[in-house]
Amino acid sequence: MRKLLIIFVLIGYCAFPVFGQGELNEQQKIFFKNERSFAVLLNSDGYGLSYREAKRVDFLNKRYFEIEAGTLKHPREYRESNPLFQTPGTFVYGKLNSAFYLRGSYGFQHEIFKKADLGGVAVRYFVSAGPSFAFYKPIYYKILYPVSDYEFDIKEEKLDVNVHPPYDIYSRSSFTKGLGELKILPGFFAKGGFNFEYSKEEKVIHAVEAGISFSAFTKKIPIMATTDNKALFFSLFISYRFGVIIDPLNPESNKFSYIFRRKRAPAIY
């Protein structure tokens, strides 16, 4: 009996630092899993890019700050070309302004299902909100004016649908034309959705996100020459997100170039 007691004491003494070290390693993984990531966005009223910095609050939760920029489109935008001429490009007839957005938001992310291993998928939901700014500039078109039966002058003008039918438009002018007339509208933005993270490497982020967003501006944005322009935008979105886990003990792995490196096999001694 005495020998058994001594053996159990020795086993417990030896096992204690092993279990203790495992807890420390897990705490390091949790503590250092702050993130930096980029995303390519595709939504029902345009497309865009985003940058996000996330900070872990506890085992399942993160807080993050995000900046997004992208386009705002009207549902009646249809590209066409002049049927009477071989033009250098297409245009959206009736479009008065090109519109864009810049958003900053503060958000919360909660992990619902944790990865069982590096080959699995972690599922999280997220919500965020913040200020949004809409920028819009007039579009100029190259308008055809007949000089004779076979000759035309081309003038760069804003579109007037009451004066210029589609066959009077040769093409759209350069994007830089009209930048001096840029206007800004303030607004508010919120979104929510789900994040599916599937990276096979511990310090690299690969994820697909999907959800719904809402933007409200102080007045309607005159994108098209119609009466149904909007100040409120509801949109479904899907995005691909890629980034890195921030590790203070290994600064080299915090660079975005680390994402494109091939995973190295562990050294054998």
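Worth knowing before you read on, the calculation uses all heavy atoms, side chains too, and leaves out hydrogens, waters and symmetry mates.
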Do any N or O atoms from the side chain of [X] and from the backbone of [Y] form a donor-acceptor pair under 3.5 angstrom?
X      : Y      : answer
Glu197 : Ser199 : yes
Thr71  : Tyr47  : yes
Asn82  : Tyr167 : yes
Ser235 : Ser213 : no
Asp45  : Leu72  : no

Can you tell if the side chain of [X] reaches within under 4.5 Å of the side chain of [Y], non-hydrogen atoms only?
X      : Y      : answer
Lys95  : His74  : no
Arg36  : Ile246 : yes
Ile154 : Leu144 : yes

With rounding to the nearest 0.5 Å, note down the distance linking [atom1] in [X] to [atom2] in [Y].
X      : Y      : atom1 : atom2 : result
Thr226 : Leu96  : OG1   : CG    : 8.0 Å
Glu156 : Ser171 : CD    : OG    : 8.5 Å
Tyr136 : Asn229 : OH    : CG    : 10.0 Å
Lys114 : Ile112 : NZ    : CD1   : 14.0 Å
Arg56  : Gln109 : CZ    : CD    : 8.5 Å

Can you see which heavy atom on [X] is nearest to which on [Y], and at what distance?
X      : Y      : value
Val92  : Arg79  : CG2-CG, 3.9 Å
Ser132 : Arg103 : OG-CG, 3.4 Å
Ser128 : Gly107 : CB-CA, 3.6 Å
Asn34  : Lys55  : OD1-CA, 3.4 Å
Glu35  : Ile245 : CG-CD1, 3.7 Å
Ala216 : Leu232 : CB-CD2, 3.4 Å

Requested in this report: Just grab all the salt bridge (Lys or Arg N to Asp or Glu O under 4.0 Å) pairs involving residues 208-235, residues at least two apart or on different chains.
Outcome: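 Every salt bridge (Lys or Arg N to Asp or Glu O under 4.0 Å) pair that includes a residue of residues 208-235, provided the two are not neighbours, is Arg52-Glu209, Arg76-Asp228, Glu209-Arg241.
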Query raised in the report: Can Val244 and Lys203 be said to form a side chain to side chain contact (heavy atoms under 4.5 Å, CB included), step by step?
Result: CA-CA 6 Å; Val244 292; Lys203 294 185 179 180; over 6 Å; no
Scan the side chains in residues 181-192 for donor-acceptor partners under 3.5 Å anywhere in the protein, sequence neighbours excluded, and list what turns up.
residue: Glu181; atom: OE1; partner: Lys158; partner atom: NZ; Å: 2.7
residue: Glu181; atom: OE2; partner: Tyr140; partner atom: OH; Å: 2.7
residue: Lys191; atom: NZ; partner: Glu68; partner atom: OE2; Å: 2.8

Going only through I, L, V, M, F, W and Y residues with side-chain contacts under 4.5 Å, is there a path from [X] to [Y]?
X      : Y      : answer
Phe126 : Tyr106 : no
Tyr198 : Val123 : yes
Ile212 : Phe194 : no

Report task. Let me know which of Tyr64, Phe38, Phe65 forms a ring pair (Phe, Tyr, Trp, His ring centres under 6.0 Å) with Tyr51. Result -> Phe38
Connected hydrophobic set around [X], excluding itself, where side chains approach under 4.5 Å:
X      : answer
Val40  : Leu49
Leu159 : Phe91, Tyr93, Ile139, Tyr141, Ile143, Tyr145, Val161, Ile169
Phe175 : Phe100, Leu179

Query raised in the report: Stepwise, does the ring pair (Phe, Tyr, Trp, His ring centres under 6.0 Å) test hold for Tyr240 with Phe242?
Result: CA-CA 7 Å; Tyr240 163 63; Phe242 60 96; 5.6 Å; yes
Report task. Identify, with sequence neighbours excluded, every residue that meets ring pair (Phe, Tyr, Trp, His ring centres under 6.0 Å) alongside Tyr125. Result -> His110
Query raised in the report: Is Phe152 atom CZ crowded by more than 12 heavy atoms from other residues, nucleotides or ligands, each under 6.0 Å away?
Result: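 Check passes, neighbour count above 12.
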